[in-house]
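Values below: all heavy atoms of this structure, side chains included; hydrogens, waters and symmetry mates excluded.
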Amino acid sequence: MGPIYSLADFLDMLRRRVGVISFVVISGCFASVIWALSIPHLYRSAEVIQIEQPKIDSELAPTTVAGSSARRLQLIEQQLMSRNSLTDIIDQFGLYDHLDALRPSEKVDLLRQSVSIAGVAAVREGFADDGTISVLTISAEMETAALAQAVAQEFADRTRALSAAQRQEQTAETLAFFTQQEENLERDIAALEVELAAFRSENDLSIEGSLDFRRDEIASLNTALLALDREIIAAQLARTRIDPNQRADTVRRLETELDATLESLTTQRSLLQDRRNTLSASIRTTPEVERTLAEFERRMELLQGQLDVISTRRNEAEVGNSSKPLRGASA
C-alpha cells in the first residue's frame, strides 16, 4: 500500500481492499454469534427485604435478640449458606440435574457462588454506627428467569422465617429464664416471711412497735405499784390505829377487814411486780432482737429489689419481640 496524502487516496485504498475488509467483518460477526450461542445464558433475579424499625421505642421495650441487626442477619446468612440448607434447595428445585458429572459438594459450591446476599446500612444517627441494616438484597443467577426468581424468593422466604424463629426462640428462652428467676425470688420471699413471722411470735413481737409499748406498760405498772404501796401503807396505818377500847367484836371485825384488804393489795402488788419483771427481762433482750429484725428487713428489701428488677425485665421481654420485622419485595 502506497502513501496516503489525500482523502481520494484513502477511498481508493478502501475500494481496492473492500473484499478483505468485508471478509474480516463478516467472519467476526459469525464468530461472535457462534460464541454467544455456545455459552449458557444466565438470568439474575433479586429479592429485596426491607427491615422496618421497631414500632415501640427500644428504651421502653428492648429487643430480646442481642446484638445489632447486621450481626443477626450475618448469623441468618451463615445458616442459609450452610451445606444442609443449600442441599435442600438444590433438591427442591432440581438444580444442576443436567450436570451429572458434578458431585454434591460441587453443586453446593456452584449454588453458593450463584447466590449473593448484600445489606445496606441504615442512615446513622450522629457519629456512632449502631450496625443497623435497612435493606437486604438477595440475588440469584440461574439458567432461566423463572428459576432465578424462584430461587431468590426461596432464600428470601427462608431469611424471614429464620428471623422470626430467631426472635421467637430468644424471646421464649428469655421469658423462661426471667419467669424462673421470678418464681425463685417469690419462693425465697415467702420463706423469709414465714421465718420472720415465727421469730415475731417467739419473741412476742406481733404488735408493731412493741418495744415502746412495753416501756409504756412498765411505766403504767410502776404507777399502779406506787398506788398500791400507798394503799398498803394506809391500810397498815389504819390497822395500827384501831381503838382497842372498843368492843372486842368491833375490833376483830375491823382487823379482819383490814387484813383482807392488805392481803388483796399484796396479791395485786405481787402480780403487777411479776408482770413488770417479765417485761423488764424482755426489754433487756430487745437489742439483740432489734438487730435480728433489722437483718430480716435488709434481706427482705434485697429480695424485693431483685424481684422488681426481674419483673421489669420479664415485662420487657414479653413486648420486645416486636423489634425490626422483615418485609420483602422481588425485582
Side-chain angles (χ1 to χ4, degrees), residues 47-89 91-92 108 112 115 117-122 124-125 128-138 152-193 299-329:
E47 186 82 9
V48 179
I49 299 177
Q50 178 184 359
I51 303 176
E52 295 182 347
Q53 295 299 319
K55 297 180 180 180
I56 302 175
D57 191 271
S58 60
E59 294 181 357
L60 299 177
T63 175
T64 58
V65 184
S68 62
S69 57
R71 293 180 180 177
R72 296 198 297 273
L73 291 174
Q74 186 179 24
L75 293 176
I76 293 175
E77 181 180 355
Q78 292 173 356
Q79 294 176 348
L80 287 175
M81 293 301 176
S82 65
R83 180 184 178 88
N84 292 335
S85 176
L86 295 179
T87 301
D88 186 25
I89 294 177
D91 295 338
Q92 179 180 350
V108 169
R112 187 175 286 120
V115 177
I117 301 177
V120 178
R124 296 182 180 181
E125 295 182 358
D129 187 2
D130 56 0
T132 303
I133 301 297
S134 61
V135 174
L136 189 69
T137 303
I138 301 176
Q153 187 173 2
E154 178 65 21
F155 272 91
D157 292 341
R158 294 194 177 206
T159 299
R160 286 188 286 267
L162 286 174
S163 177
Q166 185 185 63
R167 291 198 306 272
Q168 293 175 357
E169 180 181 2
Q170 187 70 21
T171 299
E173 293 177 356
T174 304
L175 283 176
F177 172 77
F178 285 127
T179 301
Q180 183 64 38
Q181 292 295 316
E182 189 175 22
E183 292 176 355
N184 294 339
L185 288 171
E186 289 177 348
R187 184 172 58 253
D188 293 342
I189 290 175
L192 186 59
E193 289 176 347
R299 291 169 56 188
M300 184 66 72
E301 289 177 359
L302 178 61
L303 290 176
Q304 191 62 49
Q306 293 176 354
L307 179 61
D308 293 340
V309 172
I310 292 298
S311 299
T312 301
R313 292 183 177 178
R314 180 181 59 80
N315 293 332
E316 290 174 351
E318 289 178 349
V319 297
N321 192 33
S322 61
S323 63
K324 296 179 177 61
L326 303 181
R327 298 179 61 184

Item to check | Heavy-atom pair of closest approach, residues E77 and I117 | outcome: CG-CD1, 3.8 Å
Checklist entry - How far apart are the closest heavy atoms of L80 and S85, and which atoms are they? => result O-OG, 3.0 Å
Checklist entry - Is there a donor-acceptor contact under 3.5 Å from the side chain of S163 to the main chain of T159? => result no
Checklist entry - Going by heavy atoms in the side chains, are L162 and Q166 under 4.5 Å from each other? => result no
Checklist entry - Are D88 and Q92 close enough that a side-chain donor and a side-chain acceptor fall under 3.5 Å? => result no
Checklist entry - When rounded to the nearest 0.5 angstrom, what is the spacing between CG in L136 and CD in Q50? => result 11.5 Å
Item to check | Under the side-chain hydrogen bond (donor to acceptor under 3.5 Å, both in side chains) test, residues paired with E169 that sit two or more places apart | outcome: none
Item to check | Full working for side-chain contact (heavy atoms from CB on, under 4.5 Å) between T87 and D91 | outcome: CA-CA 6 Å; T87 301; D91 295 338; 3.8 Å; yes
Checklist entry - How long is the span from the CG atom in N184 to the CG atom in D188, to the nearest 0.5 Å? => result 6.5 Å
Checklist entry - With sequence neighbours excluded, what pairs up with D157 under the side-chain hydrogen bond (donor to acceptor under 3.5 Å, both in side chains) test? => result R160
Checklist entry - S82 and R112: which non-hydrogen atoms are nearest, and at how many Å? => result C-NH2, 4.3 Å
Checklist entry - Roughly how far, to the nearest 0.5 Å, is the CZ atom of R314 from the OG1 atom of T179? => result 5.5 Å
Checklist entry - When rounded to the nearest 0.5 angstrom, what distance separates CG in L302 from CG in L185? => result 9.0 Å
Item to check | Distance-only side-chain donor-acceptor flag, S311 / E182, under 3.5 Å | outcome: yes
Checklist entry - Do the side chains of F155 and M81 get nearer than 4.5 Å, heavy atoms only? => result yes
Next on the checklist: Does any part of the side chain of R158, heavy atoms only, come nearer than 4.5 Å to the side chain of I89, both counted from C-beta?
Outcome noted: yes
Checklist entry - So do the side chains of E193 and M300 get within less than 4.5 Å of each other, counting heavy atoms only? => result yes
Item to check | salt_bridge(R187, E183) N-O dist < 4.0 Å | outcome: no
Next on the checklist: For the CG atom of L175 and the CG atom of N315, what is their distance to the nearest 0.5 Å?
Outcome noted: 9.5 Å
Next on the checklist: Can you tell me how far apart CD (Q306) and CD (E301) are? Round to the nearest 0.5 Å.
Outcome noted: 12.5 Å
